[in-house]
Amino acid sequence: MPLRKPRSDGVQPLYDVRVAKNMTQVELAKATSIPQPRISELETGRYVPTRLWLVKLTKVLRLRPEYLFTEAILAEVERRYKVAKGAAR
């Protein structure tokens with residue numbers, strides 16, 4: 001199954017990528033230290049990953065972030081990171 005970038009309708013391909021790599025949610029959770037319920041929520045777009053989780057997912061799945069999430073989700077990750085970084089000062 002060829003990997004594709006997210007569609008414009010907001011569908012997240014994280015599920016497709018995980019399945020194409022023959023991984024269960026539990027296996028991905030263990031490999032990334034992200035709780036399995038959050039993996040499920042990430043796959044359905046009900047949860048926005050933290051920047052750290054985004055890095056972990058890209059390392060384990062060996063793909064760039066834009067192949068896992070929509071531009072809107074990635075923009076929200078960066079917005080939240082900047083807000084948190086500003087609050088830490």
Side-chain angles (χ1 to χ4, degrees):
M1 157 185 203
L3 299 178
R4 57 178 165 58
K5 287 188 178 181
R7 300 184 328 214
S8 60
D9 61 6
V11 172
Q12 305 294 335
L14 179 59
Y15 168 84
D16 294 336
V17 170
R18 178 181 59 76
V19 170
K21 292 187 178 275
N22 295 314
M23 293 183 82
T24 66
Q25 286 185 351
V26 172
E27 290 169 334
L28 183 56
K30 286 180 182 177
T32 59
S33 301
I34 299 171
Q36 182 276 323
R38 287 291 188 237
I39 298 291
S40 177
E41 292 173 331
L42 290 168
E43 288 182 348
T44 58
R46 291 179 299 183
Y47 194 84
V48 175
T50 64
R51 201 173 199 204
L52 176 61
W53 284 4
L54 186 62
V55 169
K56 287 180 177 187
L57 287 166
T58 59
K59 283 186 178 183
V60 168
L61 296 172
R62 302 176 105 166
L63 286 173
R64 295 172 50 105
E66 56 268 21
Y67 283 93
L68 300 175
F69 297 100
T70 63
E71 287 181 30
I73 294 290
L74 295 175
E76 181 63 15
V77 169
E78 285 305 306
R79 186 194 70 77
R80 290 181 180 191
Y81 174 76
K82 288 176 183 176
V83 167
K85 189 176 177 182
R89 288 181 180 190

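Quick note: numbers below take in every heavy atom, side chains included, and nothing from hydrogens, waters or symmetry partners. The shown structure was predicted, so the numbers you read here are calculated from the model rather than taken from an experiment.
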(request) With sequence neighbours excluded, give me every salt bridge (Lys or Arg N to Asp or Glu O under 4.0 Å) pair touching residues 29-41. (result) Arg38-Glu41

(request) Please step through side chain to side chain contact (heavy atoms under 4.5 Å, CB included) for the pair Leu68 and Ile73, ending with a clear verdict. (result) CA-CA 10 Å; Leu68 300 175; Ile73 294 290; over 6 Å; no

(request) Check side-chain hydrogen bond (donor to acceptor under 3.5 Å, both in side chains) between Arg64 and all other residues, then give those that pass, not counting sequence neighbours. (result) Glu66

(request) For Arg80, check side-chain hydrogen bond (donor to acceptor under 3.5 Å, both in side chains) against everything at least two apart and list the hits. (result) Glu76

(request) Taking all heavy atoms of Pro49 and all of Phe69, pick out the closest pair and write down the distance. (result) CG-CZ, 4.0 Å

(request) Give the intermediate values and the outcome of side chain to side chain contact (heavy atoms under 4.5 Å, CB included) for residues Leu28 and Leu57. (result) CA-CA 8 Å; Leu28 183 56; Leu57 287 166; 4.0 Å; yes

(message) Would you compute the distance between atom CG of Asp16 and atom OH of Tyr67 and round it to the nearest 0.5 angstrom?
(response) 14.5 Å

(message) Taking ring-ring contact (aromatic ring centres under 6.0 Å, His included) as the cut-off, I'd like each qualifying pair that reaches into residues 22-48, sequence neighbours left out, listed once.
(response) Tyr47-Trp53

(message) If the condition is side chain to side chain contact (heavy atoms under 4.5 Å, CB included), which residues does Gln36 pass it with, not counting sequence neighbours?
(response) Gln25, Val26, Ala29, Ser40

(message) Please list all pairs meeting salt bridge (Lys or Arg N to Asp or Glu O under 4.0 Å) that have one or both residues in residues 50-62, counting only residues at least two apart or in different chains.
(response) Arg51-Glu78

(message) Nearest 0.5 Å, please: how far is OG1 in Thr32 from CD1 in Ile39?
(response) 4.0 Å

(request) Supply the atom-to-atom distance Leu14 CG to Leu63 CG, rounded to the nearest 0.5 angstrom. (result) 10.0 Å

(request) Apply side chain to side chain contact (heavy atoms under 4.5 Å, CB included) to the pair Leu54 and Leu74, showing each step before the final yes or no. (result) CA-CA 9 Å; Leu54 186 62; Leu74 295 175; 3.8 Å; yes

